[in-house]
Amino acid sequence: MNVIRPVLLALLLSVNSVHAAMQNPYALVFFFDSTCAYCHRFAPKVQQASLDFALPIYAFSINGQGIPGFEVPIPVTHDIATTFFPQTTQPVMPATFLLNVNSRKFAKLSIGDVAQRQLNQSIQQVLNDLTLQKALQ
């Protein structure tokens with residue numbers, strides 16, 4: 001686990017200065033596989049949630065290939081996969097998380113192709129839950 005945090009830190013360090021100027025310390029993390037039809041259908045929902053909540057998106061591709069809207073994703077390494085999906089060898093895609101870019105702690109938002117309303121409600125619940133907010137600090 002000590003090796004994983006520096007990997008995530010290195011990946012996100014370059015964009016952390018952007019967040020320093022923002023009040024909202026959160027970002028969406030979107031995992032997908034370019035061959036997954038559900039991921040293709042879900043991608044616009046992630047983009048809309050990003051706009052609705054003014055959150056940047058970190059898009060990670062399981063197979064290293066992009067999809068429309070996320071043409072240049074971050075390839076998923078073993079360390080990243082085991083950080084976000086610690087209990088599975090074959091994670092279900094698409095998957096989204098809310099990441100505190102300062103602490104690098106995250107909360108799961110959705111697994112699979114959920115409705116826009118459900119994704120937005122999940123984000124709102126995490127942002128409004130004081131216990132989760134404290135855990136993400």
Side-chain angles (χ1 to χ4, degrees):
M1 189 67 142
N2 290 338
V3 172
I4 295 168
R5 291 189 193 274
V7 170
L8 284 175
L9 178 63
L11 283 172
L12 300 174
L13 189 58
S14 62
V15 293
N16 197 34
S17 60
V18 172
H19 292 288
M22 298 172 57
Q23 270 190 326
N24 193 343
Y26 296 100
L28 294 173
V29 177
F30 173 43
F31 285 90
F32 65 87
D33 182 319
S34 70
T35 64
C36 167
Y38 298 108
C39 297
H40 284 263
R41 285 199 309 254
F42 189 67
K45 297 173 192 176
V46 174
Q47 291 173 315
Q48 185 60 52
S50 170
L51 294 173
D52 292 346
F53 291 92
L55 297 169
I57 304 169
Y58 299 115
F60 289 89
S61 174
I62 295 295
N63 66 347
Q65 302 297 311
I67 60 176
F70 301 99
E71 288 80 7
V72 185
I74 303 165
V76 175
T77 64
H78 175 74
D79 289 340
I80 291 169
T82 57
T83 297
F84 283 91
F85 306 99
Q87 312 245 324
T88 183
T89 57
Q90 190 67 31
V92 175
M93 296 294 124
T96 58
F97 299 85
L98 187 68
L99 172 76
N100 180 319
V101 297
N102 297 317
S103 70
R104 309 303 190 262
K105 295 180 182 177
F106 56 88
K108 180 175 64 173
L109 296 173
S110 67
I111 301 291
D113 180 16
V114 301
Q116 183 74 57
R117 182 175 178 215
Q118 186 177 348
L119 176 60
N120 284 14
Q121 285 176 338
S122 294
I123 295 168
Q124 196 63 57
Q125 285 175 340
V126 172
L127 293 175
N128 290 336
D129 186 319
L130 296 178
T131 303
L132 279 174
Q133 288 295 307
K134 188 174 182 179
L136 293 174
Q137 298 303 314

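For the pair Ile57 and Ser50, the tightest heavy-atom approach, listed with the atom from each and the gap, is CD1-CB, 3.5 Å. The shortest non-hydrogen separation linking Phe60 to Pro75 is CD2-O, 4.4 Å.
Hydrophobic clustering, with ILVMFWY side chains joined whenever heavy atoms are under 4.5 angstrom apart, keeps Tyr38 apart from Met93.
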Could you go through residues 65-74 and list every donor-acceptor pair under 3.5 Å that involves a side-chain atom there, pairing it with any protein atom two or more places apart or in another chain?
residue: Glu71; atom: OE2; partner: Gly69; partner atom: N; Å: 2.9

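Residues forming a salt bridge (charged side-chain N to carboxylate O under 4.0 Å, His left out) with Asp113 (at least two apart in sequence, or on another chain): Arg41, Lys45. Annotation: side-chain contact (heavy atoms from CB on, under 4.5 Å) contacts of Ala49 (sequence neighbours excluded): Leu28, Gln116, Leu119, Asn120, Ile123. Under the side chain to side chain donor-acceptor pair (under 3.5 Å) criterion, Gln124 pairs with Asn128, sequence neighbours left out. With sequence neighbours excluded, the residues that form a side-chain contact (heavy atoms from CB on, under 4.5 Å) with Gln137 are Tyr26, Asn100, Gln133. In this structure Phe97 satisfies the ring-ring contact (aromatic ring centres under 6.0 Å, His included) test together with Phe31, Phe84, Phe85, Phe106, sequence neighbours excluded. For Asp33, the side chain to side chain donor-acceptor pair (under 3.5 Å) partners two or more places apart in sequence, or in a different chain, are Thr35, Asn63. Shown here are the side chain to side chain donor-acceptor pair (under 3.5 Å) partners of Gln48, two or more places apart in sequence or in another chain: Asp52.
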Apply side chain to side chain contact (heavy atoms under 4.5 Å, CB included) to Leu127 and Phe53, showing your working.
-> CA-CA 10 Å; Leu127 293 175; Phe53 291 92; 4.0 Å; yes

For Val126 and Leu136, run side chain to side chain contact (heavy atoms under 4.5 Å, CB included): C-alpha distance rounded to whole Å, both residues' side-chain angles, the deciding distance at 0.1 Å, then the answer.
-> CA-CA 10 Å; Val126 172; Leu136 293 174; 3.9 Å; yes

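The salt bridge (Lys or Arg N to Asp or Glu O under 4.0 Å) analysis of residues 121-132, with sequence neighbours excluded, yields no pairs.
Interatomic distance, OG of Ser110 versus CZ of Phe42, reported as 3.5 Å (0.5 Å rounding). Gln121 CD to Arg117 CZ: the interatomic distance, rounded to the nearest 0.5 Å, is 4.5 Å.
A 4.5 Å side-chain heavy-atom check between Val114 and Thr96 finds every atom pair outside the cut-off.
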